[in-house]
Number of protein chains: 2
Amino acid sequence: MAAETRERIVEAADLLIYQHGFEVTSFADIAATVGISRGNFYHHFKTKDDILDGVINRRLANTEQMLDRWEIAGSDPAERIRSFIHILIVNGEKIRRYGCPVGTLSSELAKLNHTAKSDAAALFTLFRSWLCRQFERLGFGDKSDELAMHILGRSQGVATLANAFDDDRFLHHEVELMCAWLDDQIAGLANKNNPDRE
Amino acid sequence: MAAETRERIVEAADLLIYQHGFEVTSFADIAATVGISRGNFYHHFKTKDDILDGVINRRLANTEQMLDRWEIAGSDPAERIRSFIHILIVNGEKIRRYGCPVGTLSSELAKLNHTAKSDAAALFTLFRSWLCRQFERLGFGDKSDELAMHILGRSQGVATLANAFDDDRFLHHEVELMCAWLDDQIAGLANKNNPDRE
DNA sequence: GTCTATACGCAGATAGAC
DNA sequence: GTCTATCTGCGTATAGAC
């Protein structure tokens with residue numbers, strides 16, 4: 001039961017922090033969502049920062065699970081990368097409302113000069129390393145990390161603008177562009193390895 | 001003198017909001033920076049939201065001035081667009097610390113469900129329209145707005161990741177990619193209008 | 001483990017002297 | 001116009017009963 005309440009707190013905090021930001025989310029907000037008293041909180045977490053820690057760890061675990069699923073579901077690296085690109089559409093509604101959970105948390109913690117900023121960056125690193133691995137398998141070698149960062153950045157920009165303008169068409173169009181970019185990269189690589197045509 | 005103090009308040013608030021966020025920045029912080037008492041505040045602004053209004057208007061005016069300068073300094077539209085791309089480098093240090101002032105404010109206000117969110121989006125629109133105009137002059141016609149949004153999004157993504165990873169090399173590399181993308185777009189357009197070579 | 005009661009500080013905001 | 005003093009509410013955090 002103890003662990004269960006703890007889980008419910010972290011889950012509620014995760015959602016509230018995503019929707020409204022870390023600083024703005026208060027114990028009272030979380031308590032009201034979970035349905036417990038504020039006092040009860042401190043039996044599970046010493047400080048607010050502890051809750052943030054719990055939330056980030058939860059996100060890390062969930063992200064790893066998602067990447068594992070993509071790893072299994074995708075028949076080849078290119079398809080797996082397309083899985084990544086398409087979360088922009090899958091989570092489109094939330095993104096248009098609240099932005100990307102990773103990017104917005106990272107930005108807020110940077111401004112707060114919060115010690116957990118590096119933990120939030122670890123969330124990005126999870127995606128980055130996974131993407132890098134996919135590009136390596138496609139044969140991009142040393143360029144793989146650059147390509148991973150490129151597509152990670154593209155998706156961040158799309159999320160920010162889709163949120164600012166609440167623009168679904170833009171989001172879809174940019175997803176198409178990112179997929180086209182991926183195809184171009186792969187075609188360019190094939191040309192390089194087998195240059196019978198200029 | 002009255003107007004002068006008001007200006008100093010808005011200027012200080014602008015910087016503090018950029019560095020630490022809107023919600024976190026308190027009257028006490030701003031007052032301490034400007035060197036006035038908290039009480040004096042309310043002679044110039046009725047509420048905290050009024051200060052935010054002042055800050056956004058200040059940013060709008062400053063941005064317009066910057067775009068005008070680029071308009072004059074750039075000899076052709078492509079060079080002007082490159083001026084836009086290069087703010088990522090010019091403001092690189094600040095961006096790595098605090099992110100993009102426009103994107104991070106917009107994201108925060110979205111999460112706060114703040115009425116001024118649309119005003120912050122107007123800052124994006126300023127860049128968007130200006131970029132769109134440059135692409136139109138280059139002859140991109142109906143595609144101009146899409147291209148403007150694309151490059152605006154790219155720069156947002158670069159800012160977010162450069163901030164998250166505090167990575168200057170990534171920032172520079174992506175600026176090069178954006179410039180190369182621009183050249184490709186222009187070359188593609190020329191090819192389309194004059195297809196003597198496939 | 002969960003609750004109520006409470007401490008303490010700082011937030012935004014107001015009143016009124018100078 | 002600028003100040004000090006003060007109000008009120010909410011934030012995190014603690015103490016201790018059940």
Salt bridge flag under 4.0 Å for residues [X] and [Y]:
| X | Y | answer |
| --- | --- | --- |
| A/E71 | A/R137 | yes |
| A/D167 | A/R96 | no |
| B/D183 | B/R82 | yes |

Using whole Å, what does the distance between atom [atom2] of nucleotide [N] and atom [atom1] of [X] come to?
| X | N | atom1 | atom2 | result |
| --- | --- | --- | --- | --- |
| A/F45 | C/dT2 | CZ | P | 12 Å |
| B/F41 | C/dA11 | CZ | P | 12 Å |
| B/E23 | C/dC10 | CD | P | 17 Å |
| B/I51 | C/dG12 | CD1 | P | 8 Å |
| B/E4 | D/dT2 | CD | P | 9 Å |
| B/Y42 | C/dA13 | OH | C1' | 4 Å |
| A/D49 | D/dA13 | CG | P | 7 Å |

- Have a look at B/S37 and say if it touches a base, only the backbone sugar-phosphate, or nothing, with a 4.0 Å heavy-atom cut-off. base
- Message: Applying a 4.0 Å non-hydrogen cut-off, can you work out what A/F27 is touching in the nucleic acid: base, sugar-phosphate, or nothing?
- Response: sugar-phosphate
- For B/T5 and D/dT2, is the shortest distance between a side-chain N/O and OP1 or OP2 below 4.0 Å? yes
- More 5' along DNA chain D: A/A28 or A/K46, using each one's nearest nucleotide? A/A28
Counting only side-chain heavy atoms from C-beta out, which of [options] sits nearest to [X]?
| X | options | value |
| --- | --- | --- |
| A/R38 | D/dT4, D/dA13, D/dG1 | D/dA13 |
| A/S26 | D/dT14, C/dC3, D/dG11 | D/dG11 |
| A/H44 | D/dC3, C/dA13, C/dT2 | C/dT2 |
| B/H43 | D/dT2, C/dT14, C/dT2 | D/dT2 |
| A/N40 | D/dA13, C/dG1, C/dG12 | C/dG1 |

- Query: Is the shortest heavy-atom distance from the side chain of A/F135 to the side chain of A/Q185 under 4.5 Å?
  - Reply: no
- Message: Could you check whether B/K111 makes a cation-pi contact with A/F22, meaning its NZ or CZ is under 6.0 Å from the centre of the six-membered ring and within 45° of the ring axis?
- Response: no
